[in-house]
Amino acid sequence: MNDIHKILKDFWGHNAFRPLQEDIIESVLAGNDTLALLPTGGGKSICFQVPALAKEGLCLVISPLIALMKDQVESLNKKGIKASAVFSGMHKSEIDRILGNCLFGDVKFLYVSPERLKTDLFTTNLPRMKVSLIAIDEAHCISQWGYDFRPPYLEIAEIRQYFPNVPVIALTATATPKVVIDIQQKLKFKNPSVFQKSFSRSNLIYLVVKTENKLQRLLRIINRIKGSGVVYVRNRRKTQEIAKFLYENHITADFYHAGLDMAERDRKQHEWISGKKQVIVATNAFGMGIDKSNVRFVVHMDIPDSMEAYFQEAGRAGRDEQKAWAIQLYDDLDIAELDKNFLNSFPEIKVIRNVYNALCNYFQIPIGTGGERSFEFNLSEFAKEYSFNSLIAYNALKFLEKDGFLIITDAVFKPSKIRIACTVEDLYRFQVENKKFEKLIKTLLRSYGGLHSNFVKIDEKDLAKRMDIEVKQLSSSLIYLESLGILNYDKQTDKPILIFLEDRVDENQIIISPEHYQFLKETASIRLESIMHYVQTITKCRSKLLLEYFGEINSLRCGECDVCLQRNKMSVNDFEFDKVVEILKPVLRKERLTLEEVVKAVDLFTEEKTIKIINWLIDNKKVDLHDDKTLTWIKPKRDA
């Protein structure tokens, strides 16, 4: 077993681990099943990569995010560490080659998307691999209480039967106390160790601002804070509109969403990371895996669906540990919009069945077939073809995903690859007998090395230019050669991939349990209530609210959020303020009292302090002062 500090220095160039990293690594090396809860940017990957390098054998890494898998494989390979990834949409021959290298070669890390775990190809090869560690990223996906539940994650525990003595490390940046317990149960932890770094970010100031003109307020924020920033919005149209508004007001800004092609996304991302553009206006498709530490502000123009989503996106600010701001802007329309989005996110069961049936027809899948097949998928084209509302169709598909019928991967660029599938002798014989393909085959062999043994990336445009033919003609020829068994051709894509996890069933056989449907709806409603409470409350420190949601109940007031700044002006400490609210809230919800009666009901602190707190509650619309000078506690709108 190698020294972990030497591994850290040799491969990452660091002299010391971050807080908790070494404890987590030591737990894994001691053979313990380990759950690591580290906030976004907390260095989760090192927690499994270092112990895997210290042990003999292969580390199996399960992750739902293809883009992140590809980034980590590329990063490891650059360090001289052999790593590969297997995910849906790859050519079967390439998967065969990768699994073969894991069995007989020196691959150290195999990244796998969760839906691959129960495929015949994988289950046949996996038990023969010398696995020394199983790492599960985004581990909250295993819990139905979590905000991003994925049924294929439930299959993970089944592979433990092949490796009874191999430890599991599960990692996540967002898990409530209930989800933490659920992760350990679902993964069948034996000798569990849980390490949780505080989610507190002392350098990150949380602000919630209610405003009737969000665009003008955004402009003031950017001009005041300066530095690099991200502006999150809910839909693609808004990304363009707001980026245009900022550009017209002399802010270098660009927009980003999943509908852009990969080359454009890469360019926009690079210009923002390099500082050429100050602000990127984006949907939640932006940010995962992006390494930029000096982000000074993250502004949300729309309210996210959950505290988990907000915490993860806001947490992209200030990773350099310098002061940064996470700002939520909202108005009354946003509250109504959030309710509407919630209702739309749970289409009726008959609508879900109709979407499933249309989807199978769209890809021409007969009943009883289709399991494990994957397709490039364009939601807008599909919705237009069958006259579905795009949002309704999207939410129906997300529900089919949560119920285990299918999975839609993130959009990620996959370059074209080819491999010669026949022997050298057969290839030569084919050339002699088919002169019209001789030029193409010779150009391929001259242009790319290793075609007989490995899949090699090709550039169709460059290849077509060399042969003086159209790209379409080249692509057709490669497809034809594949049909003859001469080569394998894995065509490039930058679109999301839709994978059918099971064979097609008749739409009437789609059994969606009403109890399961209701359970998912109720848990989503609880998450929605939490983010609404965070946005609308004006009596508790923003940081404390966030930390309490993730189970940290004894945190201190930050002193710098919008709530704390208002409280600081009163010269009243936390205990005094909280005690007055604790006494008044139940009393004023039951009956009206005059100011004198309220002061008498508290009777703990000086009259001056009590009146200051009451005036603050009136000014901030928590307490109503009626015409007859009596006071009542105001019910939140959603309680009415």
Side-chain angles (χ1 to χ4, degrees), residues 200 205-214 217 303 307 327-336 338-339 525-526 528-549 551-640:
S200 175
I205 299 169
Y206 298 99
L207 302 173
V208 175
V209 180
K210 187 175 183 181
T211 174
E212 297 304 314
N213 193 329
K214 290 196 277 187
R217 181 57 70 100
I303 303 171
M307 292 283 269
I327 304 167
Q328 174 70 64
L329 302 181
Y330 83 103
D331 57 28
D332 287 331
L333 287 175
D334 288 325
I335 304 301
L338 210 56
D339 277 329
S525 177
I526 291 167
L528 183 68
E529 290 291 344
S530 296
I531 190 69
M532 295 280 272
H533 177 62
Y534 172 79
V535 169
Q536 292 183 297
T537 193
I538 47 174
T539 59
K540 182 174 279 192
C541 165
R542 302 288 174 196
S543 182
K544 279 179 71 71
L545 276 171
L546 278 165
L547 294 174
E548 283 177 9
Y549 182 80
E552 297 183 38
I553 57 174
N554 296 316
S555 61
L556 298 175
R557 203 159 60 93
C558 76
E560 296 189 275
C561 69
D562 56 294
V563 175
C564 287
L565 289 176
Q566 287 295 319
R567 289 265 295 274
N568 293 344
K569 294 176 183 177
M570 292 192 297
S571 303
V572 174
N573 66 40
D574 287 355
F575 173 77
E576 292 166 335
F577 184 91
D578 292 343
K579 199 66 185 174
V580 170
V581 171
E582 183 186 326
I583 294 169
L584 288 184
K585 192 172 183 178
V587 173
L588 292 180
R589 274 189 161 178
K590 287 181 182 177
E591 59 180 323
R592 294 187 179 196
L593 296 178
T594 64
L595 180 61
E596 292 75 16
E597 289 170 328
V598 168
V599 171
K600 188 176 179 182
V602 175
D603 195 28
L604 284 175
F605 312 114
T606 65
E607 182 176 316
E608 181 188 6
K609 283 191 174 182
T610 303
I611 290 173
K612 273 187 179 182
I613 294 169
I614 294 167
N615 284 334
W616 187 92
L617 292 169
I618 293 169
D619 291 342
N620 288 279
K621 295 183 172 53
K622 302 303 286 185
V623 168
D624 203 357
L625 176 61
H626 299 281
D627 292 338
D628 62 357
K629 304 300 180 185
T630 57
L631 304 167
T632 55
W633 196 273
I634 299 173
K635 286 185 178 182
K637 287 183 181 179
R638 285 177 63 85
D639 289 356

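Index from 1, following the sequence. Keep in mind it's a predicted model, so treat the numbers as computed, not measured.
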Separation between NZ of Lys612 and CZ of Phe577, rounded to the nearest 0.5 Å: 13.0 Å
Minimum heavy-atom distance Ser555-Lys544, with the two atoms named: O-NZ, 2.7 Å
Pairwise distance OG1(Thr632) to NZ(Lys590) - rounded to 0.5 angstrom: 15.0 Å
Full working for side chain to side chain contact (heavy atoms under 4.5 Å, CB included) between Gln536 and Ile335: CA-CA 9 Å; Gln536 292 183 297; Ile335 304 301; 4.1 Å; yes
Side-chain heavy-atom pair Asp334, Lys214 within 4.5 angstrom cut-off: yes
Within-4.5 Å side-chain heavy-atom neighbours: Tyr206 and Tyr534: yes
Heavy-atom side-chain contact between Asp624 and Leu588 under 4.5 Å: no
Heavy atoms of other groups near Glu597 CD, more than 12 under 6.0 Å: yes
Close side-chain approach of Gln328 to Arg542, heavy-atom, < 4.5 Å: no
Side chain to side chain contact (heavy atoms under 4.5 Å, CB included) evaluation trace for Leu528 with Ile531: CA-CA 5 Å; Leu528 183 68; Ile531 190 69; 4.3 Å; yes
Nearest non-hydrogen partners of Lys622 and Ile538, listed with the distance: CD-CG1, 3.6 Å
Asp332 bridged to Lys210 by N-O distance under 4.0 Å: yes
CA sep, side-chain torsions, deciding dist, call: Val563, Lys540, side chain to side chain contact (heavy atoms under 4.5 Å, CB included): CA-CA 6 Å; Val563 175; Lys540 182 174 279 192; 5.6 Å; no
Distance, nearest 0.5 Å, that separates CG of Leu584 from CG of Leu617: 7.0 Å
From Leu207 atom CG to Cys561 atom SG, the distance as rounded to the nearest 0.5 Å: 7.5 Å
Option from Val602, Leu625, Leu595 for which side-chain contact (heavy atoms from CB on, under 4.5 Å) with Ile614 holds: Leu595
Test log, rule side chain to side chain contact (heavy atoms under 4.5 Å, CB included), inputs Arg592 and Asp628: CA-CA 10 Å; Arg592 294 187 179 196; Asp628 62 357; 3.5 Å; yes
Short side-chain to backbone donor-acceptor contact, Asn615 and Ile618, under 3.5 Å: no
Non-hydrogen atoms of Cys541 and Cys558 that approach each other most closely: SG-N, 3.3 Å
Separation of Thr211 OG1 from Asp331 CG (nearest 0.5 Å): 8.0 Å
N-O pairing of Glu576 and Lys579 below 4.0 Å: no
Check: Asp562 side chain, Val208 main-chain N or O, donor-acceptor pair, under 3.5 Å: yes
Flag, side chain of Lys585 to backbone of Trp633, donor-acceptor distance under 3.5 Å: no
